Amino acid sequence: MVVGARPNFIKISQFPRVFKKYRGDLQCKIVHTGQHYDDKMSTVFFKQLGIHPDFYLDVKPGTPATQMAQIMLGLESLLSTRYRADLVLVVGDVNSTLAGALTANKMNIPVGHVESGLRSFDRDMPEEFNRVLADQVCDLLFVTEKSGEANLLKEGKSRKQISFVGNTMIDTLVAFDKEIKRSDILDKLSLGGRPFVLMTMHRPSNVDTREGLRKLQDLIGFISRRYAVVFPIHPRTIARLREFRMERSFKSNKNLFFTEPLDYFAFQKLIISSSFIVTDSGGIQEESTFRKVPCLTLRPNTERPSTVSLGTNSLVPFELETIAEHIGRIESGKYKKGKIPPFWDGRSTERIVKTIRQFLR
Ligand code: UDP
């Protein structure tokens, strides 16, 4: 399994456990590319989820192309000398996903994609290219929701390659439910029992310009009149706030609780304890749907449409008036209650490993 970024780590937690059951005929090794490398974006997840990388490629920070080139060189060398895999699994939609899929394909090793087929149809998102291109070279396509199946068929993939298995990110939530509920993050934040809104924002389209950050500041100003706003801040967002010298003015809002990126248990505890969520993340749309917590996604599109059609997620334009309308609906109890999408049941990893066993036979 090739993983490289925070959302990848969270999606693979159950693979070592499930593969262990088939120890006699199958084993799995985790390759960490080093795309996300520090304690807060990487190490803490491995520690909490009880997994560890078997190989570390140690790519250096750099442009996407430089990083992908390093991953491809490192992975090719690993797979041709130290560990000859029968199948490579890649996960999600980050640069490590595409680099891993291309390398295995060039080496004639079959590749499986966990979380295949998701499409935002928004070519301004770097992740969309990673998704589309990775799927083109993958042999086994594991989809989390029905839309994935339809997208892949339209792109010419064959039905035989596609397995609708559900969502391995939910497997992790289910497996660590007790630890999540025990997290002491609420005491640590000293919110004093006040209702709070959980916010994350890191997509280039929202945080890469001064105007985008100003809009965000106005929105936080608006929400924080009635709620505490807890905002674990992504490294990309804090870098932009510093670049535009806006960190101080954000921090002058006393109802805004900025934190560093949080560990998994703490963040999940905040999801279940929040009044609602405001985000532009991919994964958080799914976690909030599973928890049935209202989620306002400030993007024009989503690659995860079942969170909107079945779940508690809504796509909302970044306009105060429309956001306020949604908040009004949440407060008056008129917001949709949501259903959990099919196969988001904690057993998706099992389904994937079963399919892989059949394929390798
Ligand atoms: N997450 C976390 N701590 C944080 C923020 C997010 O553990 O401070 C988790 C979140 O619950 C989800 C994943 O990280 O499982 C999503 O990562 P991110 O939003 O960076 O990526 P995306 O899903 O947008 O690709």
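None of the values given here were measured: they were computed from a predicted structure. Start at 1 and go down the list; that is how both ligands and their atoms are numbered.
- Residue contact annotation: Glu260 has no non-hydrogen atom under 4.0 Å from ligand 1.
- There is a side-chain donor-acceptor pair under 3.5 Å between Asn255 and Arg194.
- Donor-acceptor pairing under 3.5 Å is lacking for the side chains of Tyr264 and Ser13.
- Proximity annotation for atom 25 (O) of ligand 1: of Ala5, Pro232, Pro7, Pro7 comes nearest, heavy atoms only.
- What sits closest to atom 20 (O) of ligand 1 on the protein, heavy atoms only, is Arg6 NH2, 2.8 Å.
- The aromatic rings of Tyr56 and His32 stand perpendicular to each other, their planes meeting at an angle above 60°, with 30° marking the opposite boundary.
- Of the N or O atoms in Gly283, one or more lie within a sub-3.5 Å distance of an N or O in ligand 1.
- Looking at ligand 1, you'll find an N or O of Leu262 within less than 3.5 Å of one of its N or O atoms.
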Derivation of the side chain to side chain contact (heavy atoms under 4.5 Å, CB included) call for Phe45 and Ile12:
CA-CA 11 Å; Phe45 294 97; Ile12 63 155; over 6 Å; no
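- Ligand 1 has at least one atom lying under 4.0 Å from a heavy atom of Arg203.
- By the rule that hydrophobic residues join a cluster once side-chain heavy atoms approach within less than 4.5 Å of another member, Val165 and Phe359 end up as members of one cluster.
- Salt bridge absent: Asp54 and Arg82 never bring a charged side-chain N and a carboxylate O closer than 4.0 Å.
- For ligand 1 and Met169, the ligand atoms under 4.0 Å from any heavy atom of the residue are 12 (C), 15 (O).
- Pairs engaging residues 190-230 under the ring-ring contact (aromatic ring centres under 6.0 Å, His included) rule: His202-His234, Tyr227-Phe276 [sequence neighbours left out].
- Atoms of ligand 1 lying under 4.0 Å from at least one heavy atom of Gln268, given by number and element, are 11 (O).
- If you number the atoms of ligand 1 from 1 as listed, the ones under 4.0 Å from a heavy atom of Pro261 come out as 8 (O).
- Ligand 1 has at least one atom lying under 4.0 Å from a heavy atom of His202.
- A donor atom on one side chain and an acceptor atom on the other are found under 3.5 Å apart for Ser96 and Gln35.
- When only non-hydrogen protein atoms are considered, atom 15 (O) of ligand 1 lies nearest to Glu287 OE2, 2.5 Å.
- Numbered from 1 in the order shown, with element, the atoms of ligand 1 that lie under 4.0 Å from a heavy atom of Phe45 read 7 (O).
- Ring to ring, His52 and Phe46 are not that close: their centroids are 6.0 angstrom or more apart.
- Here atom 24 (O) of ligand 1 lies nearest to Gly282 when heavy atoms of Gly92, Gly282, Ala266, Ser288 are compared.
- Protein heavy atom in closest approach to atom 16 (C) of ligand 1: Ser281 OG, 4.0 Å.
- Heavy atoms of Ile10 come nearer than 4.0 angstrom to ligand 1 in at least one pair.
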Identify all side-chain donor-acceptor contacts of residues 85-94 below 3.5 Å with residues at least two apart in sequence or on another chain.
unit_1 : atom_1 : unit_2 : atom_2 : d
Asp93  : OD2    : Arg131 : NE     : 3.3
Asp93  : OD2    : Arg131 : NH2    : 3.0

